[in-house]
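Everything below concerns the one structure shown next.
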Amino acid sequence: IGILILVGYTAHVYLRENKNSPSPWVIGMMASFICFHMSMNGYTFMNQGRKKILYVITKSNFGGAQRYVYDLATAFSDGGNCAVSVACGGSGTLVQKLAEKNVRTIPIPRLDRDIHLLDEVRVFFSLLSLFRKEHPGIIHLNSSKIGVLGALAARSYNLSEWLKPRAYRKTARIIFTVHGWPFQEDRPAWQRAIIYAFSWLTVLLSHTAIAVSEYDARIGRLKWGVGR
């Protein structure tokens with residue numbers, strides 16, 4: 001906003017002295033509009049041309065999925081061509097290791113592995129608010145729980161962006177990495193049926209699904225509506 005005011009006022013003062021120019025207020029307003037249009041489309045001196053990647057994972061300990069996120073986040077941030085952030089629940093080892101590599105982390109309140117319906121609703125809206133604030137170009141979801149919540153929030157975010165004029169849209173590509181299918185675990189049949197449905201929904205809502213093993217990939221291809 002400060003830049004818009006400065007540019008508009010500068011144009012007004014400069015052109016006011018030139019009697020042969022068009023109305024200074026008209027030119028000033030045009031300059032302000034151009035700056036506003038650039039700012040709405042993400043043109044900044046610091047981040048112009050940098051792809052924004054947001055990794056999202058449920059827990060911040062340092063297991064296999066967290067190591068996967070750590071490796072990707074640090075690799076893409078090293079080149080300087082991507083603005084990388086990692087959103088997760090808690091403040092565990094993953095957060096500490098990313099801080100050592102100067103990778104930005106974003107805490108998600110009430111996000112953990114246990115399922116509590118009210119907390120899941122809060123997490124969904126926290127994610128939706130985060131996506132609207134960050135405007136990432138890529139949303140990379142990891143783990144089953146954040147997969148379904150994140151995919152629903154990301155699709156809701158994309159829908160809200162599609163309602164905007166084309167010039168102002170900032171939709172995200174949704175990627176989901178499968179770190180094992182939870183419906184394959186030893187659980188009661190009714191739980192596995194529900195988890196299967198949510199896993200299938202997560203894959204359908206994502207633009208790309210990545211399996212960390214050929215075994216998981218084969219199981220994923222058996223889901224209705226899922227391609228290669």
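Note that the structure is predicted; figures quoted are calculated from it, not measured.
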(request) Would you sort out whether Ile210 and Phe176 count as a side chain to side chain contact (heavy atoms under 4.5 Å, CB included), showing the intermediate values? (result) CA-CA 6 Å; Ile210 302 172; Phe176 171 58; over 6 Å; no
(message) Determine whether Ile108 and Leu127 satisfy the following criterion, side chain to side chain contact (heavy atoms under 4.5 Å, CB included), listing intermediate values before the conclusion.
(response) CA-CA 8 Å; Ile108 303 177; Leu127 290 171; 3.6 Å; yes
(request) Take Lys145 and Asp112, measure what side chain to side chain contact (heavy atoms under 4.5 Å, CB included) needs, and give me the verdict at the end. (result) CA-CA 9 Å; Lys145 179 177 176 178; Asp112 56 34; 3.8 Å; yes
(request) Take Arg132 and Ser160, measure what side chain to side chain contact (heavy atoms under 4.5 Å, CB included) needs, and give me the verdict at the end. (result) CA-CA 9 Å; Arg132 287 173 174 170; Ser160 67; 4.0 Å; yes
(message) Gln184 vs Tyr215, test: side chain to side chain donor-acceptor pair (under 3.5 Å). Steps then yes/no.
(response) CA-CA 11 Å; Gln184 294 290 104; Tyr215 174 75; 2.9 Å; yes
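The shortest heavy-atom contact between Ile174 and Ala154 is CD1-CB, 3.5 Å. Taking both residues in full, the closest heavy atoms of Cys82 and Phe76 are given as CB-O, 3.7 Å, listed atom of the first, atom of the second, then distance. Shown here for Phe183 and Arg192, the closest heavy-atom pair between the two residues is O-CD, 3.1 Å. Contact detail for Pro182 and Ile195: the closest heavy-atom pair is CG-CG2, 3.4 Å. Summarising the geometry of Glu161 relative to Arg169, their closest heavy-atom pair is O-CG, 3.0 Å, with the distance given to 0.1 Å. Scanning both residues, Leu141 and Ile146, for their nearest heavy atoms gives CD2-O, 4.1 Å.
Side-chain contact between Ile57 and Gln66 is present, with heavy atoms from C-beta onward closer than 4.5 Å. Between Leu72 and Ile53, the closest side-chain pair of non-hydrogen atoms is not below 4.5 Å. For the pair His116 and Val121, the minimum side-chain heavy-atom distance is 4.5 Å or more. Between Thr74 and Leu98 there is a side-chain heavy-atom pair separated by less than 4.5 Å. In this structure the side chain of Val56 never reaches within 4.5 angstrom of the side chain of Asn142, judged on heavy atoms.
In this structure, Glu120 contributes its side chain and Leu149 its backbone to no donor-acceptor pair below 3.5 Å. Not one N or O on the side chain of Arg104 forms a donor-acceptor pair closer than 3.5 Å with the backbone of Ser85. Side-chain N or O atoms of Ser77 include none that pairs as donor or acceptor with a backbone N or O of Val103 at under 3.5 Å. In this structure, the side chain of Arg110 does not engage the main chain of Asp119 through any donor-acceptor pair within 3.5 Å. No donor-acceptor pair closer than 3.5 Å links the side chain of Ser129 to the backbone N or O of Phe125. Using a distance-only test at 3.5 Å, with no hydrogens or angles considered, no donor-acceptor pair links the side chain of Trp181 to the main chain of Ile219. A donor-acceptor contact shorter than 3.5 Å is absent between the side chain of Thr105 and the backbone of Val95. Under the 3.5 Å distance criterion, the side-chain polar atoms of Lys97 are left unmatched by any main-chain donor or acceptor of Arg67. In this structure, Ser213 contributes its side chain and Asp216 its backbone to a donor-acceptor pair below 3.5 Å.
Atom CZ of Arg155 is separated from atom CG of Leu201 by 10.5 Å, given to the nearest 0.5 angstrom. Taking CD1 from Ile139 and CZ from Phe131, the interatomic distance works out to 4.0 Å, rounded to the nearest 0.5 Å. Considering CZ of Phe198 and CG of Leu205, their distance stands at 11.0 Å, rounded to 0.5 Å. The CG atom of Leu204 sits 11.0 Å away from atom OG of Ser199, with the distance rounded to the nearest 0.5 Å.
Other residues, nucleotides and ligands contribute over 12 non-hydrogen atoms within 6.0 Å of the CG atom of Leu163. By the 6.0 Å contact criterion, OH on Tyr68 is enclosed, its count of non-hydrogen atoms from other residues, nucleotides or ligands being greater than 12.
Using a 4.5 Å cut-off between side-chain heavy atoms of Ile, Leu, Val, Met, Phe, Trp and Tyr, with links allowed through other members, Ile138 and Val69 fall into the same hydrophobic cluster. The hydrophobic clustering, which links ILVMFWY residues whose side-chain heavy atoms are closer than 4.5 Å, places Leu128 and Leu130 together. One hydrophobic cluster, built from ILVMFWY side chains closer than 4.5 Å, holds both Val84 and Leu94.
A donor and an acceptor atom, one from each side chain of His179 and Ser143, are nowhere located under 3.5 Å apart. No side-chain donor-acceptor contact under 3.5 Å links Tyr157 and Glu134.
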